[in-house]
Amino acid sequence: MTHLSPGPAAGWSPLARSFHWLVAMLLLAQIPLAWYMVDQPLGPAKLGNYALHKSLGMLVFALTAVRLAWRLTHPAPPLPPGTPGWQRGAARLTQGLLYFLMFAMPLTGWLNSSAANFPVSVFGLFALPNLIEADPVRQQGFEDSHRVQSYLLFAVLTAHLAGALYHQYVKRDGVLAGMLGFGGVHR
Ligand code: HEM
């Protein structure tokens with residue numbers, strides 16, 4: 001537990017932490033669910049998993065929109081003094097890519113479904129409009145870009161996690177503690 005004691009890094013507010021861990025859990029569920037569903041034989045179980053994947057993905061999209069609006073008006077707690085410039089740059093790059101992918105992945109998924117003329121239902125509560133006309137060629141393009149984005153997301157999430165573990169176990173500077181709720185000043 002000593003590693004989780006407050007370090008010099010300031011903490012994130014309860015709202016920022018809730019956004020972070022809720023979206024983290026959704027992304028960690030989405031990727032294995034998607035890998036599993038694409039290989040399932042066609043049937044009700046596969047269709048149910050596709051519907052769940054689309055609903056969870058649109059939830060990520062909505063949460064990310066609210067989270068980004070909040071984030072743009074509430075600056076992040078500063079990194080510990082003395083953090084090298086390249087590490088600040090790497091953190092900004094991975095966090096920027098994560099925001100980009102949390103918008104781009106739901107959009108290419110939604111465009112893929114639209115081009116296949118499969119309207120997207122959100123948890124069976126309401127259906128989203130198709131963004132484009134049915135078009136098999138564009139559908140394949142969106143499916144391919146969604147897949148490539150998923151590989152990039154996996155790589156960026158791994159880098160993000162490696163950065164968190166580096167702060168926690170090598171630098172021991174309280175950055176992870178700040179996102180877990182053990183930090184000092186709340187932003
Ligand atoms: C952050 C949100 C999302 C993540 C992380 C994500 C991730 C993935 C991954 C990892 C795959 C498997 C790719 C492969 O290996 O073939 C996949 C497939 C798929 N996703 Fe998503 N997805 C997201 C959002 C969405 C949304 C919002 C939709 C639709 C509204 C969607 C529709 C699909 C479809 C239809 C496939 C299957 C494509 C195929 O049959 O090959 N996804 N997604």
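Start at 1 and go down the list; that is how both ligands and their atoms are numbered.
Between Leu68 and Phe103, the closest side-chain pair of non-hydrogen atoms falls below 4.5 Å. Side-chain contact check for Leu98 versus Leu153: some heavy-atom pair is nearer than 4.5 Å. Between Trp110 and Lys54, the closest side-chain pair of non-hydrogen atoms is not below 4.5 Å.
A distance-only check finds no donor-acceptor pair linking the side chain of Arg67 to the backbone of Ala16 [under 3.5 Å]. Not a single donor-acceptor pair under 3.5 Å links the side chain of Gln139 to the backbone N or O of Ala134. Judged by distance alone, the side chain of Ser55 and the main-chain N or O of Ser121 form a donor-acceptor pair under 3.5 Å. With hydrogens and angles ignored, the 3.5 Å screen pairs a side-chain donor or acceptor of Trp21 with a backbone N or O of Met179.
Note: His20 and His160 have tilted aromatic rings, judged against thresholds of 30 and 60 degrees for the angle between ring planes.
Summary of contacts: the protein heavy atom closest to atom 40 (O) of ligand 1 is Tyr50 OH, 3.0 Å. Looking at atom 15 (O) of ligand 1, its nearest protein heavy atom turns out to be Trp35 CD1, 3.7 Å. Of the protein's heavy atoms, Arg147 NE, 3.2 Å lies nearest to atom 16 (O) of ligand 1. Here the protein heavy atom with the shortest distance to atom 34 (C) of ligand 1 is Asn112 ND2, 4.0 Å. If you check which protein heavy atom lies closest to atom 5 (C) of ligand 1, you get Leu153 CD2, 3.5 Å. Counting only heavy atoms of the protein, atom 12 (C) of ligand 1 lies nearest to Ala34 CB, 3.7 Å. Nearest to atom 6 (C) of ligand 1 among the protein's heavy atoms is His53 CE1, 3.3 Å. The closest protein non-hydrogen atom to atom 10 (C) of ligand 1 is Ser150 CB, 3.3 Å.
Across every non-hydrogen atom of Pro106 and Gly57, the tightest pair is CG-O, 3.5 Å.
When ring centroids are compared, Phe154 and Trp35 come within the 6.0 Å threshold.
Of all the heavy atoms of Phe61, none lies under 4.0 Å from any atom of ligand 1, so neither backbone nor side chain is involved. Contacts with ligand 1 closer than 4.0 Å are made by no heavy atom of Leu56, backbone or side chain.
Remark: ligand 1 atoms within the under-4.0 Å shell around heavy atoms of Gly57 are 2 (C), 24 (C), 27 (C). Shown in contact with Met58 at under 4.0 Å from a heavy atom are these atoms of ligand 1, numbered in order with element: 27 (C). Atoms of ligand 1 lying under 4.0 Å from at least one heavy atom of Val120, given by number and element, are 30 (C). Residue Leu27 approaches ligand 1 through these ligand atoms, each under 4.0 Å from one of its heavy atoms: 1 (C). Taking every heavy atom of Val60 and a limit of under 4.0 angstrom, the matching atoms of ligand 1 come to 1 (C). Of all atoms in ligand 1, listed by their number and element, those nearer than 4.0 Å to a heavy atom of Trp110 are 29 (C), 30 (C).
Sparse packing is recorded around CZ of Phe118, with 12 or fewer heavy atoms of other residues, nucleotides or ligands lying under 6.0 Å away.
Compare Pro106, Pro32, Gly109 by their heavy atoms: the one nearest to atom 31 (C) of ligand 1 is in Gly109. Which of Met37, Lys46, Gln30 comes nearest to atom 36 (C) of ligand 1 through a heavy atom is settled by distance: it is Met37.
Minimum-distance N/O/S atom of His146 relative to atom 21 (Fe) of ligand 1: NE2.
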Please test Asp173 against His167 for side chain to side chain donor-acceptor pair (under 3.5 Å), starting from the C-alpha separation and ending with a verdict. CA-CA 6 Å; Asp173 56 11; His167 279 287; 2.7 Å; yes
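Under a 4.0 Å heavy-atom criterion, Glu143 is in contact with ligand 1.
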